[in-house]
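For reference, the structure is listed below as structure tokens.
The first residue of the sequence shown is numbered 1, and numbering continues consecutively from there.
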Amino acid sequence: MQSTPRTRRTPQNTQYTYTLGRRIHHVKTYPVQSPQGATILLYGHENGVTVVWRGGRRLKPQTENKSKEKNNGSTSNAIMIIDSDEEDVPPPFVDKPEFEDSPTSTATPPLAEIIQTLDLAFGTAVLKIAVLPMPNTTSAEAAWNGADILKQKIIFAVTCATSEVYLITLPLTPPSNESKARPELRESLLAANAGKGVWGETLTLLGGQSRPCEGVAMTLAKSTAASRSRSVEPTTTQSQTRQSSRVIVAAHSREASGTLRLWNVPLDAKPGVISRLEPFQTEYLPSPLSSISFNPTQLTQLLTVSSTHAVRLYDYSTPALPLEDASEGPFPIQGSWLLSLYPPFTRSATMSTSRKPIVAAEWIAHGRAVLTLLADGQWGIWDIEDASPTATSASSGGLFSKASAGLRGSAITNFSVTGHLEGTSPLKNPATQKSPAATGSSREFVPMTPHTRREALASANGGPEKLVCVRGGITVTHLSPAKGTATGDETALLWLGGSDPLVSVVPNVAKFWDSQLRKAAGGGNLWSGTQLTRMARLTDLGAGLLGERCTGAAAIPKPVTANNSSASENGTPPVEASLPVEVLIQGESRVVFVHESEDAPSFTSRLLGARKKVGGRTDLEPAKAILAYPRPEKPNSVAFNLSIAHRPASENAALLRSVRRPAAAGGLFSQDQPRGGDSLFPSVEAPAVPSQGASQAIGLRFINDLNFAADQPDDEQEAINRNIEEEMMDIMEIDRELEQMEDERERSTKRVFFEEG
């Protein structure tokens with residue numbers, strides 16, 4: 001990885017691009033920081049895995065202690081040869097990295113510095129990486145569920161292109177520069193390969209599959225009373241097993257029609273020795289899976305995503321047939337499927353029998369709900385265990401509560417809240433969405449006629465055939481809990497890849513969920529709330545990718561500072577708080593770190609169309625270039641005469657009468673225009689020709705007015721007082737009336753009579 005990134009500045013953010021020089025397959029953020037305070041990134045490429053330590057204290061520079069001894073004042077060193085039958089074996093190298101006393105800088109830098117990198121070569125491509133679903137924390141507090149090994153080791157699983165699955169442990173502290181410059185590593189090109197133990201790493205080969213795995217997940221093994229009762233080992237062996245932590249690794253592949261395998265891996269492997277394990281459970285599926293993830297709270301529950309069918313919940317510790325289970329190990333031979341969550345069907349002009357493809361699904365609310373993203377940009381939350389923040393709302397109950405029907409017609413699981421990512425609404429023109437960067441293209445709304453609306457909804461995103469090719473994902477980051485709280489907040493990152501990627505961030509999942517429920521119940525305003533209650537979209541991401549496709553995204557938690565954690569004077573968090581995570585965009589051979597620009601307008605200001613005031617201008621006057629007439633009061637009802645009958649002459653004459661409107665004071669519209677009486681049409685008489693100097697003054701007088709109007713800030717109060725919801729309801733009412741008129745016209749029968757001459 002290059003030391004200095006390329007910087008691209010856009011009006012909304014700043015993007016730092018690192019060109020890696022190799023194809024990237026997956027990027028993952030490790031949830032535990034190193035002892036010196038660095039954030040650890042893992043990315044798989046065409047030859048293995050690279051570990052990056054980013055931020056924190058730097059390594060001390062390498063020093064060379066070569067003392068030259070002098071004999072009797074001579075500058076030449078004496079050579080002494082000792083004959084011995086025994087050769088001295090050098091002791092094994094022990095790495096003791098030393099760090100500086102202070103971090104990289106006293107102030108917060110715009111981009112964290114890369115402290116150290118380490119390449120683990122596997123001789124093949126690493127396709128997927130999995131880490132434990134634990135909250136982000138420091139190394140001193142990393143004993144998640146009693147696993148003290150997490151304070152010293154990095155534990156992750158990878159899948160390779162040659163169908164191998166490995167569980168890897170690595171020291172949490174970055175290696176020193178002296179360790180990477182050892183002479184024995186230069187003797188052979190394969191001396192530093194993964195599994196040799198030169199970096200203190202351990203490898204465990206998980207066998208049983210014959211095809212490459214397309215997804216992997218891992219969690220800690222939970223020792224329960226049921227698992228202990230199954231064990232036939234002595235008590236001494238049970239105590240030793242409870243002391244050593246174990247990890248459950250799950251991987252799925254396209255073998256047969258779809259296969260899911262699980263391994264029970266102990267964390268007591270020795271460096272330099274590659275052990276092999278076989279799976280304790282193998283599930284043959286009716287269709288292949290697209291992703292899997294373990295529950296962060298209920299460690300035995302696995303969330304599986306079948307893209308074209310449903311999201312299903314699997315529990316490996318609950319036997320499918322309790323009476324016929326003959327397993328002698330801690331877990332049954334076959335687990336049980338607990339729940340299926342079905343997405344809605346696709347829209348089409350005719351009856352559609354295909355469901356919307358599921359791009360990704362992840363646990364939220366600490367394992368009590370599921371956030372899903374569909375291929376057409378729709379997102380939704382399935383509330384499984386009544387985890388809604390608004391518990392008093394009638395519509396906020398879980399799937400199995402009395403207020404919710406759970407499944408409705410055609411086997412569709414109800415969403416607690418749902419919506420669309422910004423830029424993927426089906427009411428927008430699909431033709432303009434396909435090439436937003438094309439010349440002259442703009443994201444315009446389809447005219448609200450019944451025919452065009454049905455056509456837009458049917459052909460949104462190209463139909464069911466093209467939705468299958470959409471790639472995306474969801475990354476849920478569990479932030480470290482604040483002081484006095486047991487659980488921390490959650491941040492969700494949703495993305496849809498391609499040449500024009502869509503990346504949106506939910507800063508606080510609980511507050512966002514609560515805000516959506518209140519809006520669905522009729523409470524709250526469209527513009528109300530802080531940034532934490534909205535889904536913010538990152539724009540202009542193509543500037544950092546430099547033409548590459550977006551193939552992934554990750555979230556890096558920001559360090560908690562006094563500015564981010566401080567509250568306002570009234571005790572509420574600040575409205576314009578920055579995102580709690582740093583977004584990493586993955587390209588084909590580049591990674592882009594996206595930061596919010598400090599001078600960018602806030603999210604609320606962008607919605608209201610407000611601009612910053614120009615400093616140092618006190619001579620600004622009210623806008624006089626263009627002045628809209630006051631909006632007349634809206635009548636209760638409006639009558640339109642659509643008759644084609646001949647009108648009397650008096651009514652036609654009334655149409656030609658002059659309509660008096662208030663003129664703007666000065667400016668472009670305040671000039672005396674020649675009028676021909678009270679008629680709207682210009683007079684046929686030639687007006688008086690002014691002098692040359694007067695004509696120039698009149699023709700250029702409006703320039704000053706335009707400059708003053710451009711410098712004036714927008715009227716935010718007027719924008720706030722607008723009732724956007726009422727205006728949208730009026731548009732929907734007009735749409736319904738047009739649809740009703742269209743249906744009545746189609747149902748009506750026209751009779752034509754011809755008279756015989």
Side-chain angles (χ1 to χ4, degrees), residues 10-13 362 364-365 369 371-374 377-381 383 388-390 393 395-396 415-425 427-428 443 472 474-477 479 488-496 501-541 553 555 557-558 564-565 567-568 572-583 594-598 600-611 716 719-720 722-725 727-728:
T10 65
Q12 304 300 334
N13 50 52
E362 284 291 339
I364 60 172
L371 173 64
T372 184
L373 177 62
L374 306 181
Q378 181 183 2
W379 58 266
I381 297 178
D383 189 1
S388 169
T390 311
S393 176
S395 61
S396 63
F415 287 122
S416 175
V417 291
T418 185
H420 281 81
L421 297 180
E422 183 181 352
T424 61
S425 174
L427 294 180
K428 290 188 176 183
R443 297 177 182 267
I474 299 176
T475 301
V476 178
T477 304
L479 304 179
D489 298 332
E490 294 175 332
T491 300
L493 175 67
L494 299 88
W495 64 276
L496 292 176
L502 294 175
V503 180
S504 299
V505 182
V506 180
N508 192 308
V509 175
K511 293 183 179 180
F512 173 75
W513 191 355
D514 182 35
S515 174
Q516 295 296 321
L517 285 174
R518 293 180 184 275
K519 290 179 182 179
N525 193 285
L526 184 63
W527 314 110
S528 63
T530 62
Q531 185 179 1
L532 298 178
T533 62
R534 298 190 182 99
M535 181 182 293
R537 179 187 175 185
L538 304 180
T539 58
D540 300 330
L541 297 178
K558 293 181 180 179
N564 294 339
S565 60
S568 58
T572 59
V575 175
E576 300 303 334
S578 60
L579 297 177
V581 295
E582 180 183 4
V583 179
V594 183
H595 289 187
E596 294 176 312
S597 297
E598 297 180 357
S602 63
F603 185 71
T604 307
S605 301
R606 293 200 301 268
L607 288 177
L608 297 177
R611 283 177 286 184
E716 298 185 14
I720 294 175
R722 288 183 60 187
N723 194 338
I724 305 298
E725 298 178 358
E727 296 179 6
M728 294 298 297

- Assess whether side-chain contact (heavy atoms from CB on, under 4.5 Å) is satisfied between Val417 and Phe512, documenting all intermediate values. CA-CA 10 Å; Val417 291; Phe512 173 75; 5.7 Å; no

- Message: Set out, in order, the CA-CA distance, both residues' side-chain angles and the distance that settles side-chain contact (heavy atoms from CB on, under 4.5 Å) for Leu371 and Ile474, then state yes or no.
- Response: CA-CA 8 Å; Leu371 173 64; Ile474 299 176; 4.1 Å; yes

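We find the CG-OG distance between Asp383 and Ser388 to be 6.0 Å, quoted to the nearest 0.5 Å. The OG1 atom of Thr477 sits 7.5 Å away from atom CG of Leu493, with the distance rounded to the nearest 0.5 Å. With values rounded to the nearest 0.5 angstrom, Asp514 atom CG is found 10.0 Å from Asn508 atom CG.
A heavy-atom distance below 4.5 Å is found between the side chains of Leu421 and Leu373.
Pairing each heavy atom of Pro507 with each of Val505, the nearest pair is CD-O, 3.5 Å. A pairwise comparison of heavy atoms in Ala555 and Thr475 identifies N-CG2, 4.3 Å as the closest pair. Of all non-hydrogen atoms in Trp379 and Gln516, the two that sit nearest each other are CH2-CG, 4.1 Å. Taking every heavy atom of both residues into account, Thr491 and Val506 meet most closely at CG2-O, 3.2 Å.
For Thr418, the side chain to side chain donor-acceptor pair (under 3.5 Å) partners are Gln378, not counting sequence neighbours. Glu582 meets the side chain to side chain donor-acceptor pair (under 3.5 Å) test with Arg54, His595; sequence neighbours excluded.
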